[in-house]
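Model, not experiment: these values are computed from the prediction. Lettering follows sequence order; numbering is per chain, from 1.
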2 protein chains.
Amino acid sequence: MSTTTDIKGQPLDRAFLDGLLRRRLFYTPSFEIYNGVSGLYDYGPPGCALQANIIDLWRKHFILEEDMLEVDCTVLTPHEVLKTSGHVDKFADWMCKDPKNGDILRADHFVEDVLETRLRGDKEARGEKIEEKEESDAKKKKKKTKGQEAIKLDDEVVKEYESILAQIDNYNGEQLGELIKKYDLRNPATGVQPTPPVAFNLMFQTSIGPSSNLPGYLRPETAQGQFLNFHKLLEFNTGQMPFASASIGKSYRNEISPRAGLLRVREFLMAEIEHFVDPEGHKKHHRFGEVEDIELVLLDRETQLSGQTTLRKIAIGKAVKDGLVDNETLGYFLARIHLFLKKLGIDQSKVRFRQHMANEMAHYATDCWDAELLTSTGWVECVGCADRSAYDLSVHAKKTGAPLVVRERLETPKVIEELQVEIEKKKFGPAFKKDARAIETALLDTTQEQREKLAKELEENGKVILDVAGVADGKAEVGKDLLKIEFRKRTENVREYTPNVIEPSFGIGRILYSLIEHVYWSRASDGGDEARSVLSFPPAVAPTKVLVVPLSAKEEFRPLVRQVLQKLRAAGISSRVDDSSASIGKRYARNDELGTPFGITVDFQTIKDGSVTLRDRDSTRQVRADMDKIVSAIQTLVSDSKTWQDVESELPKFETQELEIR
Amino acid sequence: MSTTTDIKGQPLDRAFLDGLLRRRLFYTPSFEIYNGVSGLYDYGPPGCALQANIIDLWRKHFILEEDMLEVDCTVLTPHEVLKTSGHVDKFADWMCKDPKNGDILRADHFVEDVLETRLRGDKEARGEKIEEKEESDAKKKKKKTKGQEAIKLDDEVVKEYESILAQIDNYNGEQLGELIKKYDLRNPATGVQPTPPVAFNLMFQTSIGPSSNLPGYLRPETAQGQFLNFHKLLEFNTGQMPFASASIGKSYRNEISPRAGLLRVREFLMAEIEHFVDPEGHKKHHRFGEVEDIELVLLDRETQLSGQTTLRKIAIGKAVKDGLVDNETLGYFLARIHLFLKKLGIDQSKVRFRQHMANEMAHYATDCWDAELLTSTGWVECVGCADRSAYDLSVHAKKTGAPLVVRERLETPKVIEELQVEIEKKKFGPAFKKDARAIETALLDTTQEQREKLAKELEENGKVILDVAGVADGKAEVGKDLLKIEFRKRTENVREYTPNVIEPSFGIGRILYSLIEHVYWSRASDGGDEARSVLSFPPAVAPTKVLVVPLSAKEEFRPLVRQVLQKLRAAGISSRVDDSSASIGKRYARNDELGTPFGITVDFQTIKDGSVTLRDRDSTRQVRADMDKIVSAIQTLVSDSKTWQDVESELPKFETQELEIR
């Protein structure tokens, strides 16, 4: 895979872009005057506006479009909830320590770094050209290639390394430890092998209340709050299934050593949907027909396990039909995620859906596809779409006894004939005394299959002998005077089931950063020597929609600028004024960096006839008309109902000041 | 003060309202199936929508209207930052413990509870009528009046108690301890005196990173992130002063024993503004003229300290002129806060601005006014407006060396003549060796006054002796061969100053709950026996704007319902459909509870001519017209450009189904 390029096909200079984003305060490391804390970032005004617009679009595309039930649950979560959900025991990454200098390393990233370094050394030794930045996931941020030596490897070894890297996400801690030993992987900083990987829980811990007696965590996902409220939400939805809840809020993960800017942070904004669906009937979706022809780029599990990363483009309808994607509901959401990313302005050649491998999946998932976006640091997981089955609702219901189920009246009652266990209560207690309860429970807990055997035994021997933990000898003998096992009929009027959950989960910060890379390019300036950066956000997403530029800060322009601003505000269009003394061209260039799609110039002609020019950021072309016409043109552009070409064909072109304003 | 009443003057039944809000999922206790955690609440769909609308209005009213710079900083904050800001040492409440049963009590609330109980007992003994709910702040949530006995107190004692209660917020821990001893205040649950108050820090603690070596907290306010970014924000604002930053996000306070529903929670949404202003020139505000005639209801510091709670209504212009409110900028924001609350639908007879007393103020504040809203639990602080002076910027600059200052080019340079210290560098080092640096620093750190003395000493004795920590004996002797202290002129071209900060800080959850109480009332039903609850939110704030009601769920109405919904969506108006089998009247009643301001009925006439009826929630009156006319009428109602009276005068009245639909 070659170096990442921008939308104009030019190589993307990540360090330069990063400098621009910090300079223009899209984001900045938090607590920088205190030397910062890795993995924590603040958003400045353009970052905030961009984030708010992405969230707004998300809310419309998902919550409003599908009448989802939005909830806002707390971040603080008591220990017991996350113990039950499995996060206390299983929400961990593998961590190694360098015994020499105390460096703490994330095991999978460490293995990957060393192997990639060796592969580059091999290429160098073979005299092959090395790409500056090879494909690699952002979460596997490479260190400087310290310790890289040009050593040729056996062809066999190269193949082994490549195969390991293709499935790096599939190794558990023990396996990572074996790789470290087998290939003698050493920390480049010290030249020694790190200690075997141990699990490090990623949740931030705290305690709630004054007496410190209630341990808790900052939630690692918004999902749990939605599950715990399932019953109330179902009632709010007047008992109707399927339905989805949704939540937008911060979550927290104590990453081992985050070093990838906005792509790996410890505090992040998530938007999560929990779609509750009846597990019977193959999880159909009533709107699947609307999306089945949409083509997605997929990288499935089998391909990865065979050591490949070949992508294939396939209509989601066919992918579900072929069993590549498990069911319609999962497929429906993959297509809806695709449409959302497209609407945002994500480069369609830089999106893929990758299926998780078995060991890679979170403990609650039975299947999972990630929407990954290609950035200068490789493919980045930006949206996860997991099938959590009935896992979460079941464990919480079991722990608390709460009825996290759906009860459906059956139109035709169901008659069930099955072996039932009946105990002779009056004699049973006196016969077994303190063991009576345990023996009764053991009998009632039997399956139909076991009952069949027991019934036979009872008939043949006049008694049954069964294993019961806790009673003497661990065995109990029950005679036929105390026990009946017979076929009986019962009628069910209500069907009770635990819904399955399909969960599309969006990392807003990662999407935001990837989007910036996807819309970034640089334009040669008129002089030709200095390139000018442009962020070509779609108008609906851009932090500010319009820059208003008076020819100068002179008094005579002020009432006209106020008039333009007032018309824009009335139309609900966000704008900024730049009346600094810089040339109009410079002022527009500064705002191209901020991604402002349109510019209005107020000049001497405006004083005469009230007309203003409207400039398009991407083409730098201009039209001129009276204020009202220009403002309503902008309205159609921002709401995506017209393109710049449409506007240009409808309004008089303006070229006089073209050179100066470009 | 009498029992709280609703907008129709009826007594407000808080328990009933609370039941309604939980039933309709405005909010619900978090983790309820795990028995809940006090002080934590989740918002359901109507609560989320209401919160989003309040935030949206806030953003428009403050951020957009005044071009504030929005930032989004992290909640996780390292120890050092909050140590410097003073929160580690001072952000605490006073806590007592009952030595018998281990009850943990918040000291001020405990003192207040016991004294109020005694006063009620006294009234009873005197045979006076006792109001069910007397005035008391929500933060001072009363326990059930367990232990209340009808004991008459001396008139003197009654006066003392009343005076204590009027200034209860002004006692520190030691003083609260003295009150407990002096009046022998006992925990009603056990009959024993609690231990003397100790400080309990309200911040949630955690640690950041895998090696647990970076202690941190969840921020107790959003302000610190804004201060730390001051320099970058000033640059983003091209160096221009004054300006304001703003932030909307969650903050955390580990309340000692929260028991007041949404009014006292441990995790809450805040919206905070930090307005940076030059401290010279009396903190004028260039838009003060726009608000000076607005009348506010004030309760100043002096009145409270005299044991009174008398309110006075005064124009903010006069209040600033009289020195009651310290400066224009503070006054400007008080007026803007007032306008915001009015726009939200807050009952204007239930707002007051109360000034903090000295001991009550946060450690960083030099003055503070709270906007308090009257609820069924008393006056509740919903917005604080503090003058933080230069406190925060100064302490962070001092700690980190970062230049959190404004540098202003002086139009006429300033010539300053002052005593300057000059050291003979070549000889100084060799003379004092390892102490040289410390002695030099001590000399340079001297004030003009000290230099005057030293210069005299140097002239008279040929040497100076000065205190220097860390050198032998703690004293250093410097001869005149090493040191000159002389008057010299220097020219300053730049003025450097640390801005002062005016901080309006909004507790969104408290405003949300108070608003609900202010717009709640109940309507007699037609039958007359069953009252129906209504939440009369202003249309702009209401969670959903329109309920669409087809006469029945029959197929023939469906395309018409879809058509209405599509028109509403295109107009950006949020709506819900209720096609359940309940009567139209019942369906409307259910949505009156949710505060939905408008209803559209689709009936047989609609099939014939496309006309629909529009119902007004508050009056239950209706008009009828074609869909487009109705949708554009709703648009003008939601954007507040027309009232229902206007719409009624323009569109044909509809009365046929009045009774049924009411």
Side-chain angles (χ1 to χ4, degrees), chain A residues 24-25 28 30-34 37-38 40-45 47-49 51 64 67 69-78 80-81 95 104 200 204-211 214 216 218 225 228-229 232-233 236 238 250 252 254 256-257 266-267 396 400 402 404 569 574 576 580, chain B residues 24-25 28 30-34 37-38 40-45 47-49 51 64 67 69-78 80-81 95 104 200 204-211 214 216 218 225 228-229 231-233 236 238 250 252 254 256-257 266-267 396 400 402 569 574 576 580:
Chain A
R24 303 313 303 269
L25 222 46
T28 181
S30 304
F31 316 110
E32 206 170 21
I33 66 172
Y34 281 86
V37 175
S38 52
L40 296 182
Y41 291 87
D42 296 341
Y43 288 180
C48 273
Q51 178 179 267
L64 296 185
D67 269 342
L69 306 182
E70 188 173 351
V71 295
D72 183 5
C73 304
T74 61
V75 168
L76 287 169
T77 308
E80 218 188 339
V81 170
M95 169 173 92
I104 287 174
F200 171 70
F204 286 97
Q205 213 170 348
T206 190
S207 78
I208 305 170
S211 49
L214 186 62
L218 308 191
L228 298 187
N229 283 313
K232 293 174 193 169
L233 290 166
F236 186 87
T238 61
K250 282 198 173 171
Y252 293 80
N254 198 2
I256 290 172
S257 60
R266 286 170 165 156
E267 173 171 335
H396 288 303
T400 63
L404 302 180
R569 191 182 302 163
S574 71
R576 288 251 160 201
S580 68
Chain B
R24 303 314 304 269
L25 222 47
T28 181
S30 305
F31 316 110
E32 205 170 21
I33 66 172
Y34 281 86
V37 175
S38 52
L40 296 181
Y41 291 87
D42 296 341
Y43 288 0
C48 273
Q51 179 178 267
L64 294 185
D67 268 342
L69 306 182
E70 189 172 350
V71 294
D72 184 4
C73 304
T74 61
V75 168
L76 288 169
T77 308
E80 217 188 340
V81 170
M95 171 173 92
I104 287 174
F200 171 71
F204 286 98
Q205 213 170 350
T206 190
S207 78
I208 306 170
S211 49
L214 187 62
L218 307 190
L228 299 187
N229 284 311
H231 198 71
K232 294 173 191 169
L233 291 166
F236 186 88
T238 61
K250 282 196 172 171
Y252 294 80
N254 199 2
I256 290 173
S257 61
R266 286 170 166 157
E267 173 172 335
H396 288 303
T400 63
R569 193 182 300 162
S574 71
R576 289 252 160 200
S580 68

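- The greatest number of non-hydrogen atom pairs below 4.5 Å with chain B, out of G225(A), P78(A), S257(A), S580(A), is found for P78(A).
- Looking at every heavy atom in both residues, C73(A) comes nearest to K250(B) through O-NZ, 3.4 Å.
- The parts of F204(A) that come within reach of chain B are both its backbone and its side chain, each placing non-hydrogen atoms under 4.5 angstrom from that chain.
- Only the side chain of Y252(B) has a heavy atom closer than 4.5 Å to any heavy atom of chain A.
- One distance of note links CG of L25(B) with CG of L69(A); it measures 8.5 Å at 0.5 Å rounding.
- Listed options T28(A), T206(A), V71(A), I33(A) were ranked by heavy-atom pairs under 4.5 angstrom with chain B; first place goes to I33(A).
- Within the model, atoms CZ of R266(A) and OG1 of T74(B) stand 11.5 Å from one another, a figure rounded to the nearest 0.5 Å.
- To the nearest 0.5 Å, atoms CG (D42(B)) and CG (N229(A)) are separated by 5.0 Å.
- How far CZ of F31(A) is from OG1 of T77(B): 4.0 Å, rounded to the nearest 0.5 Å.
- Looking at heavy atoms from C-beta onward, L233(A) lies in side-chain contact with P45(B) at the 4.5 angstrom threshold.
- Contact count against chain B (heavy-atom pairs under 4.5 Å) is highest for L40(A) among L64(A), D67(A), L40(A), L404(A).
- Using a 4.5 Å cut-off between heavy atoms, R24(A) contacts chain B through its backbone alone, with no side-chain atom that close.
- By the salt bridge (Lys or Arg N to Asp or Glu O under 4.0 Å) test, K232(B) is found to be paired with E32(A), residues two or more places apart in sequence or in another chain being considered.
- Screening L218(A), N254(A), V37(A) against L76(B) for a side chain to side chain contact (heavy atoms under 4.5 Å, CB included) leaves a single residue, L218(A).
- Comparing H396(A), M95(A), R569(A) by heavy-atom pairs within less than 4.5 Å of chain B, the highest count is held by H396(A).
- Between the CD atom in E70(A) and the OH atom in Y43(B) there is a gap of 12.5 Å [rounded to 0.5 Å].
- Proximity to chain B involves both the backbone and the side chain of I256(A), based on heavy atoms less than 4.5 angstrom apart.
- Residues meeting the salt bridge (Lys or Arg N to Asp or Glu O under 4.0 Å) test with R576(B), sequence neighbours left out: none.
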